[in-house]
Protein chains: 2
Amino acid sequence: MSTAEETAGGEAHAWGEVTPDAARRLLIAAVEAFAERGYHATTTRDIAGRAGMSPAALYIHYKTKEELLHRISRIGHEKALEILRTASRREGSATERLADAVSSFVRWHAGGRTIARVVQYELDSLGPDARAEILALRRQVDAEVRGVIEEGARSGEFQVIDVHGTTLAVLSLCIDVARWFSLDGPRTPEEVGELYADLVLRMVGAVGAGASDGATQK
Amino acid sequence: MSTAEETAGGEAHAWGEVTPDAARRLLIAAVEAFAERGYHATTTRDIAGRAGMSPAALYIHYKTKEELLHRISRIGHEKALEILRTASRREGSATERLADAVSSFVRWHAGGRTIARVVQYELDSLGPDARAEILALRRQVDAEVRGVIEEGARSGEFQVIDVHGTTLAVLSLCIDVARWFSLDGPRTPEEVGELYADLVLRMVGAVGAGASDGATQK
DNA sequence: GCCCACACTAAGCGCTCGCTCACCTTCGGC
DNA sequence: GCCGAAGGTGAGCGAGCGCTTAGTGTGGGC
């Protein structure tokens, strides 16, 4: 069996901010287990075992199993928000920024599929307080994408009828990548990111998008 | 508390094929519970309670809790496949058929949100044999949508670079509706269906799609 | 070289889970 | 009007759950 760090740790997420070392190993083990089996089907014994520790060791670093999910969810959402902010606030046209946002957001959902699955699908397993905190982060994610689409629509770059609905659809498309993507599949995260960026530009009616020669972005 | 039939039964799915009556009530109760809390977080006592029966009654009609999920999953996937087949095999242009398929598929995911959630997100909770059976149905769903997109691409109606990837994205968009849609939200299932049909026609580069006046379909 | 704070383990507590079993109704066939 | 099958119940089993507690090894400060 491989250790937790060889699999989830290789997913381009540093987890550097989590200390001490044992707490980080437990967190990575929990991300893996939650992504594979779901929060409720994962036992604390399984998490501790993946981290190479006894079941009781978990409770030295975390108060409950739910605290693990809460921490994972917050770190993941903060990372997702950072990715979208970087893309949407750089210089460039709305078209360029939307394409960048979608492709990098999709790359994160595909490449870091284990954490993305936990972030996107285990939200309901959190208690009311923790869920409320995470939902606030999600509203910021939504606002970031909506902002770019709104700008493009106002400037005439995009042809959008329903900005809120289209924002929802764009995020929806990106998020669902975490459900179906597999590293064993025929596509790399980069390829899916590029394809999806092109599809989204078509959805918003960006000028020049959807031409027969393919993507307008590189 | 309301009974199972008042809520999930009102979701425009007949469940008529399930007999006897007690078995149907249990199935509807299970759909509700699985959709709300997830398969693993749902107890057999909860299901039986919602159906107004004792915990032991469940085992007269079903061998295990997993058999309930299997039955629900198969019925749901068959319904989904039927919806897509009806739309994709009717007469009309590829544009009309794709718009019809997307809008009716989305309406089903939004209006029948409880069963759609179970169908789309509890697949991994099935055992290997049951999952294999359901995956075969999902390949048929995929093929149905891909067929329409392929026809439109071949005839020149659509401008599609990657047929498989675009099919994946279209289905992805529809399926994710089950995750976020709420009847308490600002949109009706019909409105989302129309919006999404328009967005999908833009994605495939259908001629006339994405004009400033909105949807090309009614 | 002693000591204690710290990280960790072995054992197990109380509870709830999926599921079973002995028994009880109800009801159509004759 | 008796009878067996079908459908239901109350009680509870064995297992595994989240989590706790008493005790152990260890490394830095003095």
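Here the structure is a predicted model, which means the values were calculated and not measured. Note on naming: letters A, B, ... go to the chains in the order of the sequence lines (proteins, then strands), and numbering restarts at 1 for each one. What's counted below: heavy atoms across the whole structure, side chains too, no hydrogens, waters or symmetry copies.
- Note: CD1 (Ile60(A)) to C1' (dA7(C)) measures 5 Å, nearest angstrom.
- Between Arg24(B) atom CZ and dG7(D) atom P the separation is 14 Å, expressed in whole Å.
- In the displayed structure, His40(B) atom NE2 is contacted under 6.0 Å by more than 12 heavy atoms of other residues, nucleotides or ligands.
- Set against dA10(C), dC19(C), dG18(D), the side chain of Tyr59(B) has dC19(C) as its closest nucleotide.
- Using a 4.0 Å cut-off, some side-chain N or O of His61(B) falls inside it from OP1 or OP2 of dG8(D).
- Heavy atoms of Thr43(B) sit under 4.0 angstrom from primed sugar atoms or phosphate atoms, though from no base atom.
- Atom NZ in Lys65(A) sits roughly 16 Å away from atom P in dT16(C) (whole-Å rounding).
- Side-chain atoms of Ala57(B) lie closest to dT9(D) of the nucleotides dT9(D), dA10(C), dG18(C).
- In this structure, Lys65(A) satisfies the cation-pi test against Tyr39(A), with its NZ or CZ atom closer than 6.0 Å to the six-membered ring centre and inside 45 degrees of the ring normal.
- Taking only side-chain nitrogens and oxygens, Ser54(A) never comes nearer than 4.0 Å to OP1 or OP2 of dC8(C).
- Note: CG (Leu58(A)) to C1' (dA10(C)) measures 16 Å, nearest angstrom.
- Here dC17(C) presents its C1' atom at 16 Å from CD of Glu66(B), a figure rounded to the nearest Å.
- One can place CG of Asp46(B) at 9 Å from P of dC17(C), the figure rounded to the nearest angstrom.
- For the residue pair Ser103(A)/Glu194(A), the side-chain donor-acceptor check at 3.5 Å is not satisfied.
- Between dG8(D), dC19(D), dG7(D), one nucleotide has an atom nearer to the side chain of Met53(B) than all others, and that is dG8(D).
- Counting to the nearest Å, the C1' atom of dC17(C) and the CZ atom of Arg45(A) are 14 Å from each other.
- Distance, Ile47(B) CD1 to dC17(C) P: 11 Å, rounded to whole Å.
- At a threshold of 4.0 Å, the pair Lys79(A)-Glu82(A) counts as salt-bridged, since one of the basic side-chain nitrogens sits closer than that to a carboxylate oxygen.
- Between His109(A) and Phe105(A), the ring planes are perpendicular. Angles over 60° get that label, and only those under 30° would be called parallel.
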